[in-house]
Amino acid sequence: MNWEDFRYFLALADEGSFSGAARKLGVDHSTVARRVAALETAFGVRLIDRLPKAVMLTVEGQVLAERGQGALDAMFAVERAAAGAVAGVSVPLCISAPPALARHTIGPQLKQLREMHPDVDVILQGQIQSADLNRRQADIAIRLSRPRKSSVITRKLANMSFGFYGAKAYPNAETDWDLISWDEGSAYIPQYFWLEERLRGRRVVLRSNDMDVQVAAARSGLGIALLPCYIGDADPLLMKFDARENFPAREIWMLVHADLRHAPRVRKGMDFLIKTIGRLS
């Protein structure tokens with residue numbers, strides 16, 4: 001049996017649809033379907049009933065999902081223990097972070113990590129979804145909220161401030177701003193709800209789930225975007241506009257599984273991120 005196939009099956013069992021499992025795993029739905037089909041072939045039994053917009057576990061699938069989760073967790077615990085015991089730093093360090101932080105803050109500073117620790121190779125994942133540290137989807141995760149899992153070591157790194165930014169020649173007063181915001185698919189982002197509650201009749205002329213698109217639009221003069229200050233302040237074509245009310249700062253947290261926090265490559269990565277992201281406060 002392929003454990004990766006089994007991991008995909010458990011995600012499908014949790015989410016109840018190929019599309020939901022695909023979003024959770026960060027792959028396309030055809031990959032999930034192919035992995036689950038391979039698992040069914042390996043076991044020689046049908047694990048799911050495929051419905052038009054969802055899936056249902058068969059009796060055999062329910063038993064496998066219930067009993068298999070513990071086995072999978074135990075396997076990942078063994079992997080974490082082995083990774084944490086490695087004396088050298090030849091194993092790549094995997095860092096998961098929100099895309100904007102990965103692109104604008106962590107990525108540009110990786111040369112410094114390389115210069116200090118030339119033996120540390122890095123995998124940097126820009127992810128909206130939260131990496132599962134229990135299943136070793138990452139060694140270190142950077143998140144904008146504090147997790148509640150007891151097996152995870154957390155440290156607050158910075159407060160991320162926000163402001164309203166637009167082209168320097170943008171002419172409109174605040175009451176007449178054309179706004180650039182997130183789309184409804186990004187409704188889980190706190191900035192989305194905060195802006196929606198404060199439109200006060202103003203138009204949202206562009207909605208995008210990509211912050212770089214929002215930055216480019218604001219830079220062009222299309223409208224005003226609510227952006228992290230570390231992005232807006234660094235852009236010479238943008239200007240910060242005063243507003244009657246400002247979006248509150250968000251906390252940036254570093255997460256490491258307890259089994260890995262003493263691994264040499266993880267410790268070096270933690271020190272690098274503490275210094276790099278700490279500058280944002």
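Side chains are part of it too, since the values below use all heavy atoms of this structure and drop only hydrogens, waters and symmetry mates.
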- Message: Connecting only ILVMFWY residues whose side-chain heavy atoms lie within less than 4.5 Å of each other, what is the rest of Val205's hydrophobic cluster?
- Response: Ile180, Leu206, Val213, Leu222
- Query: Do Asn159 and Arg250 come within less than 4.5 Å of each other through their side chains, counting heavy atoms only?
  - Reply: no
- Out of curiosity, Phe241 CZ to Ile224 CD1, how far, rounded to the nearest 0.5 Å? 4.5 Å
- Query: Can you tell if the side chain of Phe18 reaches within under 4.5 Å of the side chain of Arg50, non-hydrogen atoms only?
  - Reply: yes
- Check side-chain hydrogen bond (donor to acceptor under 3.5 Å, both in side chains) between Ser220 and all other residues, then give those that pass, not counting sequence neighbours. none
- Any link between Leu124 and Leu144 through a network of hydrophobic side chains (Ile, Leu, Val, Met, Phe, Trp, Tyr) touching at under 4.5 Å? yes
- Nearest heavy atoms of Ala158 and Leu280, plus distance in Å: CB-CB, 4.3 Å
- Report yes or no: does Glu174 contribute a side-chain atom to a donor-acceptor pair with the main-chain N or O of Arg244 at less than 3.5 Å? yes
- CG (Asp242) with more than 12 external heavy atoms under 6.0 Å: no
- Note on the structure: Heavy-atom closest pair (Trp177 atom, Asn172 atom, distance to 0.1 Å) is NE1-O, 3.4 Å
- Message: Looking at Thr58 and Leu47, would you say the former's side chain and the latter's main chain have a donor-acceptor pair under 3.5 Å?
- Response: yes
- Query: Same hydrophobic cluster for Val59 and Leu51, using side-chain heavy-atom links shorter than 4.5 Å among ILVMFWY?
  - Reply: no
- Task: Before accepting this row, confirm whether a basic side-chain N of the pair Lys240/Asp233 lies closer than 4.0 Å to the acidic partner's carboxylate O.
- Result: no
- Query: Sequence neighbours excluded, which residues qualify as salt bridge (Lys or Arg N to Asp or Glu O under 4.0 Å) partners of Asp212?
  - Reply: Arg103
- Task: Given side-chain contact (heavy atoms from CB on, under 4.5 Å), test Arg219 with Asp235 step by step and report yes or no.
- Result: CA-CA 9 Å; Arg219 194 187 291 137; Asp235 193 316; 2.6 Å; yes
- Query: In terms of heavy-atom contacts, does CZ of Arg279 have more than 12 from other residues, nucleotides or ligands at under 6.0 Å?
  - Reply: yes
- Message: Test your reading of the model: is there a side-chain donor-acceptor pair from Ser161 to the backbone of Cys229, 3.5 Å cut-off?
- Response: no
- Atom pair OG/CD1 of Ser186 and Ile128 - distance to nearest 0.5 Å: 6.5 Å
- Message: If we ignore hydrogens and angles and just use 3.5 Å, is the side chain of Arg261 paired with the main-chain N or O of Ala258 as donor and acceptor?
- Response: yes
- Query: Does any N or O in the side chain of Thr31 come within less than 3.5 Å of the main-chain N or O of Val27, such that one atom is a donor and the other an acceptor?
  - Reply: no
- Query: With hydrophobic residues grouped by side-chain heavy-atom distances under 4.5 Å, do Leu227 and Leu237 end up in a single group?
  - Reply: no
- Message: Quick check against the 3.5 Å criterion: does His117 have a side-chain atom that pairs as donor or acceptor with the backbone of Asp119?
- Response: no
- Task: Among Leu255, Leu157, Thr105, find the residue that satisfies the side-chain contact (heavy atoms from CB on, under 4.5 Å) test when tested with Ile142.
- Result: Leu157
- Query: Under 4.0 Å between a Lys/Arg side-chain N and an Asp/Glu carboxylate O for Arg114 and Asp121?
  - Reply: yes
- Lys/Arg-Asp/Glu bridge criterion (N-O < 4.0 Å) met for Arg202, Asp178: no
- Task: Calculate, to the nearest 0.5 Å, the distance between atoms CG and CD1 belonging to Asn209 and Ile189 respectively.
- Result: 8.0 Å
- Query: Looking at Glu251 and Arg146, does any basic side-chain N land under 4.0 Å from a carboxylate oxygen?
  - Reply: no
- Are any of the side-chain nitrogens in Lys275 or Asp271 under 4.0 Å away from the carboxylate oxygens of its partner? no
- Item | Minimum heavy-atom distance between Leu64 and Phe9, given as atom pair plus value | CD2-CE2, 3.8 Å
- Query: Quick one: salt bridge (Lys or Arg N to Asp or Glu O under 4.0 Å) partners of Arg35, sequence neighbours excluded?
  - Reply: Asp5
- Query: For His104, does the NE2 atom have more than 12 heavy-atom neighbours from other residues, nucleotides or ligands under 6.0 Å away?
  - Reply: yes
- Atom CZ of Arg198 and atom CG of Leu226: how far apart are they, to the nearest 0.5 Å? 10.5 Å
- Query: Partners of Arg207 by salt bridge (Lys or Arg N to Asp or Glu O under 4.0 Å), sequence neighbours excluded?
  - Reply: Glu196
- Nearest-0.5 Å distance that lies between atom CD in Gln125 and atom SG in Cys94: 3.5 Å
- Query: Taking all atoms of both residues into account, what is the closest heavy-atom pair of Lys24 and Ala11, and its distance?
  - Reply: CD-CB, 4.3 Å
- Nearest heavy atoms of Pro248 and Trp194, plus distance in Å: CD-NE1, 4.0 Å
- Message: If the test is side-chain contact (heavy atoms from CB on, under 4.5 Å), which one of Glu60, Met56, Glu40 qualifies with Ile48?
- Response: Glu40
- Message: Is any side-chain heavy atom of Tyr170 closer than 4.5 Å to one of Met239?
- Response: no
- Task: Find out whether Ile153 and His257 are in side-chain contact, i.e. whether some heavy atom of one side chain is under 4.5 Å from a heavy atom of the other.
- Result: no
- Query: Taking it one step at a time, do Thr154 and Met254 satisfy side-chain contact (heavy atoms from CB on, under 4.5 Å)?
  - Reply: CA-CA 6 Å; Thr154 63; Met254 179 172 66; over 6 Å; no
- Query: Counting N and O atoms only, with roles assigned by atom type, does the side chain of Gln214 sit under 3.5 Å from a partner on the main chain of Ser208, one being a donor and the other an acceptor?
  - Reply: yes
- Task: Could you grab the distance from atom CG of Leu57 to atom CD of Glu66, nearest 0.5 Å is fine?
- Result: 9.0 Å
- Please name the residue in the list Tyr165, Phe162, Phe247 that meets the side-chain contact (heavy atoms from CB on, under 4.5 Å) test with Pro228. Phe162
- Does a sphere of radius 6.0 Å around CD in Glu184 hold more than 12 heavy atoms from other residues, nucleotides or ligands, not counting ones at 6.0 Å or beyond? no
- Mind checking whether Arg203 and Leu179 have side chains closer than 4.5 Å, heavy atoms only? no
- Item | Verify same cluster id: Leu10, Val63 (apolar side-chain graph, 4.5 Å) | no
- Query: Is Ile123 linked to Ile95 within one hydrophobic cluster, defined over Ile, Leu, Val, Met, Phe, Trp and Tyr using a side-chain heavy-atom separation of less than 4.5 Å?
  - Reply: no
- Using the test salt bridge (Lys or Arg N to Asp or Glu O under 4.0 Å), find all partners of Asp28 that sit at least two apart in sequence or belong to another chain. none
- Query: Is the backbone N or O of Phe272 less than 3.5 Å from a side-chain atom of Thr276, with the two atoms forming a donor-acceptor pair by type?
  - Reply: yes
- Task: State, to 0.1 Å, how close Ala54 and Ser17 come at their nearest heavy-atom pair, and which atoms those are.
- Result: CA-CB, 4.4 Å
- Task: Would you please test Gln109 and Gln112 for side-chain hydrogen bond (donor to acceptor under 3.5 Å, both in side chains) and show each step?
- Result: CA-CA 6 Å; Gln109 299 300 320; Gln112 294 185 13; 2.8 Å; yes
